[in-house]
Engineer: 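One structure follows; several queries about it will come next.
As a basis for the values below, the full set of heavy atoms in this structure was taken, side chains included, without hydrogen atoms, waters or symmetry mates.
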Amino acid sequence: MKNRSWAFLAGGLLVALLLAGVVSNYASSHPDGLDSSLLKGCTVDADDNIVGGSCPAQQARDHELADSPLADYGVRGVRNSFVSTGLSGVLGVLVTFAIGAGGFWLLRRRGTTPTDGTNPTDGDTTTPADGDPATSDDVRRRADAAS
C-alpha cells in the first residue's frame, strides 16, 4: 500500500477514535424512536421508569449479554461516566478496525503463480498493444512489483 493510502487510513481511524471517544458523550440521552414507541401508553417518571399505564415496554427483559464488560455504552468498573462511555467507544472502534483489517488481509489480492513452475516474466519482452486492458494490467503489475 502506498504512503498516501496509509495516511488516509490513519486519518480515518483517528477521526473515528475521536468521535467514539469524545463526541459520543454528547449524544442525546432521550429515548430513540423505537424506545419512545414502546413507551406509548405508559406513564414514565424523570428517570424513564414506568410508573403506570400499559405498553409493550413492560415486557422488556435484560439482554443475555447485559452483564458483559461493555454493556450499556460503558465499561464496567469505570466509575466516571464520561471516561467509561469514551473508552467503550474507543474499544469498539479498535475491535471493529481489527476485524475489518483482518478480513481485508485474508481477502487481499495476491499475484497469480503458475502451477508449472515457470516464472511468467522469464523472457517476456512483449509490449502490450495500445488499448489492450488485460496486457496493460500485466505490465502495471510487473512495474509495481519491480519498484
Side-chain angles (χ1 to χ4, degrees), residues 1-121 124 128 131-147:
M1 197 183 305
K2 298 189 187 301
N3 287 338
R4 191 170 181 181
S5 298
W6 283 110
F8 180 76
L9 187 64
L13 182 60
L14 184 63
V15 168
L17 289 170
L18 181 67
L19 289 172
V22 178
V23 178
S24 63
N25 282 291
Y26 299 104
S28 175
S29 61
H30 297 293
D32 61 12
L34 178 60
D35 286 339
S36 64
S37 66
L38 291 175
L39 290 172
K40 284 186 180 175
C42 282
T43 307
V44 295
D45 62 8
D47 295 326
D48 290 328
N49 295 319
I50 299 172
V51 292
S54 176
C55 62
Q58 291 171 319
Q59 282 78 37
R61 296 184 316 267
D62 277 341
H63 190 273
E64 294 171 359
L65 300 175
D67 294 330
S68 69
L70 297 176
D72 289 331
Y73 303 105
V75 178
R76 192 172 9 141
V78 177
R79 293 178 192 238
N80 184 327
S81 65
F82 189 89
V83 173
S84 178
T85 301
L87 186 59
S88 175
V90 166
L91 289 173
V93 166
L94 292 175
V95 167
T96 303
F97 180 79
I99 290 170
F104 278 110
W105 181 80
L106 287 173
L107 298 173
R108 72 185 183 277
R109 188 173 174 187
R110 296 185 179 132
T112 58
T113 55
T115 57
D116 62 357
T118 61
N119 187 350
T121 59
D124 187 7
D132 185 355
T135 53
S136 297
D137 287 341
D138 293 340
V139 170
R140 232 179 279 124
R141 270 195 296 264
R142 289 180 193 152
D144 288 343
S147 59

Engineer: Minimum heavy-atom separation for T85 and S24, please, with both atom names.
Structural biologist: CG2-OG, 3.9 Å
Engineer: Under 3.5 Å, side chain of S37 to main-chain N/O of L34, donor-acceptor pair present?
Structural biologist: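 Indeed, once roles are kept as given, a pair shorter than 3.5 Å links the two residues.
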Engineer: Starting at OG of S88, measure out to CG of D72 and round the result to the nearest 0.5 Å.
Structural biologist: 9.5 Å
Engineer: What heavy-atom pair brings T96 and G92 nearest, and what distance separates the two atoms?
Structural biologist: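 Heavy-atom minimum between the residues: OG1-O, 2.8 Å.
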Engineer: Heavy-atom count around E64 CD within 6.0 Å, excluding the residue itself: above 12?
Structural biologist: no
Engineer: Taking all atoms of both residues into account, what is the closest heavy-atom pair of A71 and A66, and its distance?
Structural biologist: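 Nearest heavy atoms, A71 then A66: CB-O, 3.2 Å.
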Engineer: If you take all heavy atoms of P56 and K40, which pair is closest and at what distance?
Structural biologist: CD-O, 4.3 Å
Engineer: Do you know which two heavy atoms are closest between C42 and S54, and how far apart they sit?
Structural biologist: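 In this case the closest contact between C42 and S54 is SG-C, 3.6 Å.
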Engineer: For L70 and L65, run side chain to side chain contact (heavy atoms under 4.5 Å, CB included): C-alpha distance rounded to whole Å, both residues' side-chain angles, the deciding distance at 0.1 Å, then the answer.
Structural biologist: CA-CA 9 Å; L70 297 176; L65 300 175; over 6 Å; no
Engineer: Which atom names give the shortest non-hydrogen contact between L38 and C55, and what distance separates them?
Structural biologist: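 Heavy atoms only, the tightest pair is O-CB, 3.3 Å.
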Engineer: Do side-chain atoms of S84 reach the backbone of V75 as a donor and acceptor pair under 3.5 angstrom?
Structural biologist: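 Judged by distance alone, yes, a pair lies under 3.5 Å.
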Engineer: Judged by atom type as modelled, is there a donor-acceptor pair below 3.5 Å linking the side chain of N80 to the main-chain atoms of F82?
Structural biologist: yes
Engineer: Should the heavy atoms of other residues, nucleotides or ligands under 6.0 Å from CZ of R108 be counted, would the total exceed 12?
Structural biologist: yes
Engineer: Is the side chain of R76 donor-acceptor paired with the backbone N or O of D67 at a distance under 3.5 Å, no angle test?
Structural biologist: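 Yes; judged by distance alone, with no hydrogens or angles, the pair exists.
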Engineer: So how far is it from L9 CG to L14 CG, rounded to the nearest 0.5 Å?
Structural biologist: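 Atom-to-atom, L9:CG and L14:CG are 11.5 Å apart.
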